[in-house]
Amino acid sequence: MTAKISYADVEVGTELPAQSFPVSRAALVQYAGASGDFNPIHWNEKFATEVGLPDVIAHGMFTMAEAVRVVTDWVGDPGAVVEYGVRFTKPVVVPNDEKGALIEVSGKVAVKLDDKLVRVDLTATSAGEKVLGMSRAVVRLA
């Protein structure tokens with residue numbers, strides 16, 4: 001696969017299509033199985049509240065992965081992401097109800113670099129709180 005977005009067609013400030021990602025308790029259990037991260041703060045409400053959390057929280061890496069989907073969907077090739085990093089600022093609290101939680105992600109091109117690379121800055125929130133800080137991806141465009 002190759003990037004579907006041309007470097008020449010992108011300017012600083014270009015906004016990526018925003019997306020919302022629902023998070024259910026079932027999704028957390030599935031992620032735990034796939035990742036091997038069975039920490040009970042991600043599935044056991046009693047344990048999570050006993051250690052001072054408001055409720056079960058999503059895995060940080062799950063949140064990070066959902067956020068970068070805005071970039072990979074935009075560029076059309078997950079392999080075009082050459083660098084990605086975040087700081088975890090707040091947890092995504094996932095209540096045990098029919099709604100769960102929602103991670104809302106937007107992004108925009110912050111810098112055009114050499115060699116057809118751009119830096120995309122992402123904003124990820126849940127329940128009105130910023131859940132990732134310094135969320136940045138460097139992407140190679142066509």
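It should be emphasised that the depicted structure is a prediction, and the values quoted were computed from it without experimental measurement.
Ion pairing between Arg140 and Asp115 holds under the 4.0 Å rule for side-chain N and carboxylate O.
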*asked:* Between Val75 and Leu141, is the side chain to side chain contact (heavy atoms under 4.5 Å, CB included) condition met? List the steps.
replied: CA-CA 7 Å; Val75 77; Leu141 301 180; 3.6 Å; yes

*Residues Val120, Leu122; criterion side chain to side chain contact (heavy atoms under 4.5 Å, CB included); working and verdict*: CA-CA 6 Å; Val120 175; Leu122 298 167; 4.1 Å; yes

*Applying side chain to side chain contact (heavy atoms under 4.5 Å, CB included), run through Val10 and Trp74 and close with a yes or a no.*
CA-CA 12 Å; Val10 173; Trp74 172 69; 4.0 Å; yes

*asked:* Pair Leu117, Val139 - check side chain to side chain contact (heavy atoms under 4.5 Å, CB included), show working.
replied: CA-CA 5 Å; Leu117 295 171; Val139 185; over 6 Å; no

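Within the 4.5 Å cutoff, no side-chain heavy atoms of Val109 are placed close to those of Val111. Residues Val94 and Leu28 are in side-chain contact: their nearest non-hydrogen atoms beyond the backbone lie under 4.5 Å apart. Side-chain atoms of Tyr31 and His42, non-hydrogen and from C-beta on, never get closer than 4.5 Å to each other. Between Asp55 and Arg25, some side-chain heavy-atom pair lies under the 4.5 Å cut-off. With contacts defined as side-chain heavy-atom distances shorter than 4.5 Å, the pair Val71/Leu16 qualifies. No side-chain heavy atom of Leu102 sits under 4.5 Å from any side-chain heavy atom of Val23.
Taking a 6.0 Å sphere around NZ of Lys116, one finds it holds 12 or fewer heavy atoms contributed by other residues, nucleotides or ligands.
The distance from the CG atom of Asn44 to the CD atom of Glu50 is 8.0 Å, given to the nearest 0.5 Å. With rounding to the nearest 0.5 angstrom, the CD1 atom of Ile57 is 4.0 Å from the CD1 atom of Ile41. The CD1 atom of Ile103 sits 9.5 Å away from atom CZ of Arg69, with the distance rounded to the nearest 0.5 Å. Residue Glu129 holds its CD atom at 4.5 Å from NZ of Lys90, rounded to the nearest 0.5 Å. Note that CZ of Phe21 and OG of Ser126 are 12.5 Å apart. Values are rounded to the nearest 0.5 Å. Put simply, NE2 on His59 and CD on Glu66 are 12.5 Å apart, with the number rounded to the nearest 0.5 Å.
Across Ala3 and Ala80, no two heavy atoms sit closer than the pair CB-CB, 4.3 Å. Nearest heavy atom pair, residue Val81 against residue Ala137, reads CG1-CB, 4.5 Å. Closest of all the heavy-atom pairs between Glu45 and Asn96 is OE1-CB, 4.1 Å. A pairwise comparison of heavy atoms in Val105 and Ala67 identifies CG1-O, 3.7 Å as the closest pair.
Between the side chain of Thr89 and the main chain of Val131, a donor-acceptor pair closer than 3.5 Å is present. Formation of a donor-acceptor pair under 3.5 Å by the Thr125 side chain with backbone atoms of Gly128 is not found in this model. Judged purely by atom type and a 3.5 angstrom limit, Ser135 has no side-chain atom pairing as donor or acceptor with the backbone of Leu132. Proximity of a side-chain donor or acceptor of Trp43 to a complementary backbone N or O of Phe38 within less than 3.5 Å is detected. Side-chain N or O atoms of Tyr7 include one that pairs as donor or acceptor with a backbone N or O of Leu113 at under 3.5 Å. Formation of a donor-acceptor pair under 3.5 Å by the Tyr84 side chain with backbone atoms of Met64 is found in this model. In this structure, the side chain of Ser20 does not engage the main chain of Glu104 through any donor-acceptor pair within 3.5 Å.
Donor-acceptor pairing under 3.5 Å is recorded for the side chains of Gln19 and Asp73.
A single hydrophobic cluster is not seen to contain both Val68 and Met134; linkage of ILVMFWY side chains at heavy-atom distances under 4.5 Å, directly or through other members, places them apart.
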